[in-house]
Amino acid sequence: HTVRRQSIKRGEPRQMPSLPHTAESTVREEHFSSRRKQLEDYLTNILKMPMYRNYHGTMEFIGVSQLSFIHDLGPKGIEGFIMKRSGGHRIPGLNCCGQGRMCYRWSKRWLVVKDSFLMYMKPDSGAISFVLLVDKEFNIKIGQKETETKYGLQIDNLSRSLILKCNSYRHAQWWRQGIDEFIRKHGKDFLTEHRFGSYAAVQENTLAKCPNFPIYTSLFNLVSWVVEYEDELLCLQATSAVLFIYLYFLRLSPEIFMKRPVVEGNRWRLDCILKRKA
């Protein structure tokens with residue numbers, strides 16, 4: 001961090017904001033509001049400095065990640081450290097061949113809840129390890145009987161049954177309630193069946209463009225055309241492209257499956273489609 005402090009850009013704030021030194025026990029009741037404002041200003045100034053904002057200790061203390069400051073990604077729910085169990089994939093070939101506990105591996109990950117998906121990242125690098133999409137089979141269970149794990153939390157969808165391990169039953173309840181309430185408020189359209197078997201509702205008054213030139217393929221607006229016709233339109237266009245494939249408004253990981261449920265391995269995963277065409 002000494003090197004990072006010396007190499008910090010001139011335009012960025014350098015001085016560490018000062019933390020109020022008065023002990024909480026000596027603060028009078030009539031001064032609580034001003035004390036709260038001082039602490040809010042201190043944390044706000046800390047978050048304005050990229051060096052301290054991206055420090056893992058700061059993010060863990062406040063309960064945020066790098067994605068918390070990207071407003072274009074849409075609404076964000078709770079996030080924090082969890083222990084996740086390997087396996088649980090419904091895709092053939094992605095799970096261990098065994099069924100016993102010896103085949104499972106527990107890893108510490110940072111879990112983020114968004115309006116249409118959940119994802120966990122590696123805490124050391126911030127790299128996204130897995131994205132769990134919200135769909136009609138999305139469901140949350142807690143308890144050792146359901147998850148075969150003490151203080152366990154199980155999150156299901158069409159592609160995976162994800163097992164998480166919490167610190168206590170109260171912690172598991174906190175995660176379950178936070179995820180369930182947020183998804184039902186912001187992602188309820190993904191929880192029901194829609195026409196043509198689509199995973200998302202019809203979007204009215206949404207701009208979409210699909211040129212009919214034979215040498216171009218455009219993947220425009222994943223929330224209008226693709227939401228309803230991803231099997232027929234997107235995959236057909238991508239696999240028939242000749243010169244170009246344009247990606248527009250791609251808000252999720254390139255590992256998103258364009259045909260769901262997944263029955264052919266990674267064949268219809270977006271990055272695999274692009275790799276085949278390249």
Problem - Whether K114 side chain and G74 backbone form a donor-acceptor pair below 3.5 Å - result: yes

Practice task
Give the ring-plane orientation class for H186 versus F182, where under 30° counts as parallel, over 60° as perpendicular and anything between as tilted.
Solution key: tilted

Exercise for the section: State whether the side chain of N157 and the backbone N or O of D135 hold a donor-acceptor pair below 3.5 Å, judged by distance alone. Expected result: no

Fill in the blank from the handout: Hits for side-chain hydrogen bond (donor to acceptor under 3.5 Å, both in side chains) against R269, two or more places apart or cross-chain, chain-then-number order -> D271

Handout entry: By salt bridge (charged side-chain N to carboxylate O under 4.0 Å, His left out) - contacts of E193 (at least two apart)
Key = K136

Handout entry: side-chain hydrogen bond (donor to acceptor under 3.5 Å, both in side chains) involving K145 - partner list, sequence neighbours excluded
Key = none

Handout entry: Shortest non-hydrogen contact between L132 and F138, atoms and distance
Key = CD2-CE1, 4.5 Å

Handout entry: Check: E79 side chain, S65 main-chain N or O, donor-acceptor pair, under 3.5 Å
Key = yes

Problem - Full working for side-chain contact (heavy atoms from CB on, under 4.5 Å) between I62 and I46 - result: CA-CA 11 Å; I62 303 178; I46 286 290; 5.5 Å; no

Practice task
Please round to the nearest 0.5 Å and tell me the distance separating atom CD1 of I179 and atom CD1 of I155.
Solution key: 4.0 Å

Problem - Cluster overlap V131 with I163, hydrophobic side-chain contacts below 4.5 Å - result: no

Completion exercise
Rounded to the nearest 0.5 Å, the CZ atom of R109 sits from the CG atom of L164 at a distance of 12.0 Å

Problem - Beyond-backbone contact of I78 with W174, side-chain heavy atoms, under 4.5 angstrom - result: yes

Handout entry: Minimum side-chain heavy-atom gap R105-R85 below 4.5 Å
Key = no

Fill in the blank from the handout: Heavy atoms of Q154 and E146 approach each other most closely as OE1-O, 3.2 Å

Handout entry: side-chain hydrogen bond (donor to acceptor under 3.5 Å, both in side chains) involving Y120 - partner list, sequence neighbours excluded
Key = R160

Practice task
Step through the shown structure and confirm whether more than 12 heavy atoms of other residues, nucleotides or ligands are within 6.0 Å of CD on Q177.
Solution key: no

Handout entry: F81 atom CZ, over 12 foreign heavy atoms within 6.0 Å
Key = yes

Problem - Shortest non-hydrogen contact between D156 and S161, atoms and distance - result: OD1-OG, 2.6 Å

Practice task
With sequence neighbours left out, write down each residue that passes side-chain hydrogen bond (donor to acceptor under 3.5 Å, both in side chains) with N139, or none if nothing qualifies.
Solution key: none

Fill in the blank from the handout: Heavy atoms of F117 and L133 approach each other most closely as CB-CD2, 3.8 Å

Handout entry: Check: Y42/Q38 side-chain N/O donor and acceptor closer than 3.5 Å
Key = no

Handout entry: All pairs passing salt bridge (Lys or Arg N to Asp or Glu O under 4.0 Å) where residues 163-183 contributes a residue, at least two apart
Key = D180-R184

Completion exercise
For L153 and I140 the tightest heavy-atom approach is CD1-CG2, 3.6 Å

Exercise for the section: Enter the distance from M121:CE to S129:OG here, rounded to the nearest 0.5 Å. Expected result: 9.0 Å

Practice task
Quick one: pull up CD1 in I142 and NE2 in H171 and give me the separation to the nearest 0.5 Å.
Solution key: 12.0 Å

Practice task
Could you grab the distance from atom CH2 of W106 to atom NZ of K84, nearest 0.5 Å is fine?
Solution key: 9.5 Å

Problem - Chi angles and distances behind the side-chain contact (heavy atoms from CB on, under 4.5 Å) call for L43, L39 - result: CA-CA 6 Å; L43 293 176; L39 293 175; 5.6 Å; no

Practice task
Indicate the atoms forming the closest heavy-atom contact of C166 with W175, along with that distance.
Solution key: SG-CD1, 3.9 Å

Handout entry: Gap separating the OG atom of S116 from the CD1 atom of I183, nearest 0.5 angstrom
Key = 7.5 Å

